[in-house]
Amino acid sequence: MVKRKTPEELRSHRWYGVNDLRSFGHRSRTAQMGFSREEYAGKPVIAILNTWSEMNACHTHFKQRVEEVKRGIWQAGGFPVELPVQTLSEPFQKPTTMLYRNFLAMEAEETLRSYPADGVVLMGGCDKTTPALLMGAISMDLPAIYLPAGPMLRGNWNGVTLGSGSDTWKYWADLRAGKITEEDWQGVEGGIARSPGHCMTMGTASTMTSAAEALGFTLPGFASIPAPDSRHAQMSAKTGMRIVEMVWEDLKPSDIITAGSIDNAVTTCLALSGSTNAIVHMIAVARRAGIELTLDRYDDIARRTPVLANIRPTGTYLMEDFFYAGGLPAMLRELGDLIDRSQKTVNGQTIGENIAEAKIFNEDVIRSRAAPLLPGNGLAVLRGNIAPNGAVIKPGAADPKLLVHTGRAVVFSDYNDMAARIDDDALDIDENSVIVLHHAGPVGAPGMPEWGQLPIPKKLLQKGVRDMVRISDARMSGTSYGACVLHIAPESFIGGPFALVRTGDLIELDVPQRRLNVLVPDDELARRKAAWVQPAPRFERGYGAMHQVHVLQADKGCDFDFLQRGGAQAKDEPEIH
Ligand code: FES
């Protein structure tokens, strides 16, 4: 029997329920908004953190969805309060939404702390919104449930199915190589994003919303439902209903997140062949809960986890197909003993109970463990003399012949240098070269943008080259593909040994052996290190200045150092009078 809170035990009681001068102000101002006492007295106040904005195409339906959430909250006897928070729109925000992920995490936490919230519905989906909202909610540790935006419908152009991001890169390369016309390119532009919802390939959004579900933060099956589907609206209302009960049950993130549920989420990301970005986000999410998720743990799970989701860019299909094939519950069930079924979820049941009846309806889209898309190694963690704290690659998205490769480095000092020279016919580069980009990490770029799918020089594209080994301390969009080594830690801008690589050096990549080295003698590297000069800081003021001082490296999740303290301290609040 779950112990239930009394109305007097609600956190919001301190704002509304007591009889003092301050609570008079809270009640009179609530009356000003048109609510009489009967409508809210003694009810859980449910904050709805909504990342809707007119700059976020992935969340265009959130204006409607929030009404459905409110409907559910009212029906369950709660008092819904919509609180807009930062939108983090992947296509529009420069230099990268990653710079602001921690900003939204802080905003979510502090909004919940400073207002009379008893529980929270987190509305996100576009890439960084999911980890940011989860990080903030975990640190605040009020009952919290996640509402994933859902993927958009398949793209379509002249009868061809288009996938977000992946087909953008593909057709852009074709345009540069002269294989399609400008008119074709405009057709792709019009058809690639044709409904509300987040990217429908296995990009960061689909990866992270699925991770949120596997972690136990959504109602079962929610993350796979396409945004325009009426079942998405129904699930939104149910989410509103459920959070009210979660408040009475006092079911909090700290009751849900364990090392086991983190492993479940990581396994899920890998079985989906999810975005490499999920590594950084999952580490940050885990650390907010006081759980140390290391790159080595990630690599261990990757070795044993087969890729079952046949979704682009690694596979063939899109999220809409995945939903029709049974969605995430079906894939989790197929993962069998690789999922810890005892882990608790927001609906009060274990994940094992939630997926017990799930079925696969299309075995090409969701593969069986007996016939996976890839047997394992959906991701690999590399180490070596230029990445002592780790780097990552997604082997399934790379040309297999490049997974063991030694080539001559062609180094670009930063993004502008690369943009200026990459298509220069005089550039000394061939298909065996290794393209290297410096200053693209958490501090250096800043915010570690998704530049890691470094462009292949036009003259090589025209020769038919479609993949090369490319190395940076940047991230890469989950919809990207290629033999791209990413997240090198420590990054070049702060003097990591990656900064010492020069054009002409030989670089050795050996994915099966998890090795990444520059073949330069140690004494020469020491000489280069002694001559290395720290670049000037990017920012002198504002959020950027705080970011560059406090952001951790990729292997630690890129959270701010001062936000990693968990539990008791984060919950301490001043007495409210
Ligand atoms: Fe929002 Fe891709 S642009 S998820």
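Whatever order the structure lists them in is the order used to number ligands and atoms, beginning at 1.
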Considering only heavy atoms of C58, which atoms of ligand 1 have at least one such atom less than 4.0 Å away? 1 (Fe), 3 (S), 4 (S)
Between Y100 and Y543, does the ring centre distance come in under 6.0 Å? yes
Would one find an N, O or S atom of C126, in either backbone or side chain, under 2.8 Å from atom 1 (Fe) of ligand 1? yes
Can you list the ligand 1 atoms lying under 4.0 Å from a non-hydrogen atom of P91? 3 (S)
Given the options F493, F412, W451, F498, H438 meets ring pair (Phe, Tyr, Trp, His ring centres under 6.0 Å) only with F498
Students should be able to answer this: which protein heavy-atom is nearest to atom 2 (Fe) of ligand 1, and at what distance? C199 SG, 2.1 Å
Heavy-atom contact under 4.0 Å between S164 and ligand 1? no
Per-atom contacts of ligand 1 with E90, taking only distances under 4.0 Å to non-hydrogen atoms: 3 (S)
For I257 and F217, the nearest pair of non-hydrogen atoms, with its separation, is CG1-CE1, 3.6 Å
Kindly say whether the aromatic ring centers of F560 and H547 come within a distance under 6.0 Å. yes
Short side-chain to backbone donor-acceptor contact, D414 and N416, under 3.5 Å: yes
Quick check on contacts: which atoms of ligand 1 are under 4.0 angstrom from a heavy atom of A205? 4 (S)
Qualifying residue for side-chain contact (heavy atoms from CB on, under 4.5 Å) with I262, from I283, I301, L215: L215
